Number of protein chains: 2
Amino acid sequence: MLRMSKLTDYGTVVMTYLAREPDRVHNAAEVASNIHVPQATVSKILKVLARGNLLTPQRGAKGGYSLSRQPAEITMADVIDAMEGKPVGLTECASSPGACVQESSCSVRGNWQRINDAVRGALAGVTLEEMAQPAVQPVDTSRLRPSRQAAA
Amino acid sequence: MLRMSKLTDYGTVVMTYLAREPDRVHNAAEVASNIHVPQATVSKILKVLARGNLLTPQRGAKGGYSLSRQPAEITMADVIDAMEGKPVGLTECASSPGACVQESSCSVRGNWQRINDAVRGALAGVTLEEMAQPAVQPVDTSRLRPSRQAAA
DNA sequence: GGAATTAGGACTATTCTAGTCCTGTATGGT
DNA sequence: ACCATACAGGACTAGAATAGTCCTAATTCC
């Protein structure tokens, strides 16, 4: 499926939650109870995000995590990259060069690269600040959309 | 992973191959030998694409498949939808409404919907006709506009 | 009639995923 | 100092999804 894993999806929910109070430290238990996901799972997600340098951890009692950058400076592409540990890419050759045996003889690789870039652009164009707000403001897709888009 | 399945990926390769000679009938063996994928697998892919009405099958000796529409009239979004049997969507709620338990309490669903639309737009903006050509167009990431030919 | 070729599944081995849990380390409060 | 709180980093497991094969029709050409 052309789909994120559930963990990655939760990652975006976690980050969006944190973006609503960016200057506070949040611990795993608090986040878990707010987004309705088991604490052990949330904990795992927070660790991954911290390893990706999107969150700054604070250990010990009264510890927790806070955003490493302002919400406006973190995009969906950043979050997904951090969760998956590799750059976003719909094709295997985009995120893990060398893994696909067909790579050298593939006739569509160049064109796929273009599509990957366009998709990444769509994700990089949305910040946590925007995600944190109710869904009223349209994602700016006008620059992304090719002219023929009337047909969608 | 934010990634297509391998079969879906092959599906795009198959369709692109067919788009290079859109007016001919191609059988599974021929396609397989050209794209270097086992015939049984290619056969499976062709069936899926035919069920999605992207290919028109012709049974019996001298049979095979041909594109149901002109290459310029088939987009990557069409191909991926056909291969996966459901509309493209990065989140579960986008392609299978009701499957996610959090759906009702999810605070980011509306914003994700917009991102999904943007991604779909990127895929719907590239036709098989374009895929069939060598990738000469450099990607303009700063502008995020998948290049297309004039009109169509 | 016989050879080609697709239709439609059943089946399987492998890989991936989600989720839990355990042990270690750092920190704050008393 | 002690101890409770929290994160760090993995190991582990059950279950699901994936890729690929193979078999038995149904169709069509010659």
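Proteins get letters first, then strands, A, B, ... in listed order; numbering begins at 1 in each. Just so it is clear, the model here is predicted, and its values are computed rather than measured.
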Self-check item: Between dA16(D) (P) and R3(A) (CZ): distance, integer Å
Solution: 15 Å

Quiz item: Is any side-chain N or O of S5(B) closer than 4.0 Å to OP1 or OP2 of dA19(D)?
Solution: yes

Quiz prompt | Short side-chain donor-acceptor distance under 3.5 Å, S66(B) and T56(B) | solution = no

Quiz prompt | With N53(A) via side chain to side chain contact (heavy atoms under 4.5 Å, CB included) - residues at least two apart | solution = none

Quiz item: Looking at residues at least two apart in the chain, or sitting in another chain, which of them share a side chain to side chain donor-acceptor pair (under 3.5 Å) with Y65(A)?
Solution: none

Practice problem: Would you mind reading off the distance between M4(B) atom CE and dT18(D) atom P, rounded to a whole angstrom? | Solution: 13 Å

Exercise. Take the protein atom OH of Y65(B) and the nucleotide atom P of dT27(D), then report the distance between them rounded to whole Å.
Key: 15 Å

Exercise. Return the value, rounded to whole Å, for the distance between atom CG of D9(B) and atom C1' of dT18(D).
Key: 14 Å

Quiz item: Once each nucleotide of nucleotides 19-30 of chain C is scored for protein heavy atoms under 4.0 Å, what B/S/- sequence comes out, 5' to 3'?
Solution: BB---BBBBS--

Quiz item: Counting only side-chain N and O atoms of R51(B), is one of them less than 4.0 Å from OP1 or OP2 of dA7(C)?
Solution: no

Quiz prompt | Set of residues satisfying side chain to side chain donor-acceptor pair (under 3.5 Å) with respect to T16(B), sequence neighbours excluded | solution = none

Self-check item: Contacts of type salt bridge (Lys or Arg N to Asp or Glu O under 4.0 Å), residue R69(B), not counting sequence neighbours
Solution: D78(B)

Practice problem: Compute whether any side-chain donor of one residue and acceptor of the other, for E84(B) and T8(B), lie under 3.5 angstrom apart. | Solution: yes

Quiz item: How close or far is atom C1' of dT18(D) from atom CD of E84(B), stated in whole angstroms?
Solution: 12 Å

Self-check item: Listed partners of T41(A) passing side chain to side chain donor-acceptor pair (under 3.5 Å), at least two apart
Solution: none

Quiz item: Rounded to the nearest Å, what distance is computed from the CD1 atom of residue I35(A) to the P atom of nucleotide dA18(C)?
Solution: 14 Å

Quiz item: At under 4.0 Å between heavy atoms, what does A28(B) touch on the DNA or RNA strands: base, sugar-phosphate, or nothing?
Solution: sugar-phosphate

Exercise. Round to a whole Å and report the spacing from CG of L46(B) to P of dG8(C).
Key: 13 Å

Quiz item: How long is the line joining CG of L55(A) and P of dG9(D), in whole Å?
Solution: 14 Å

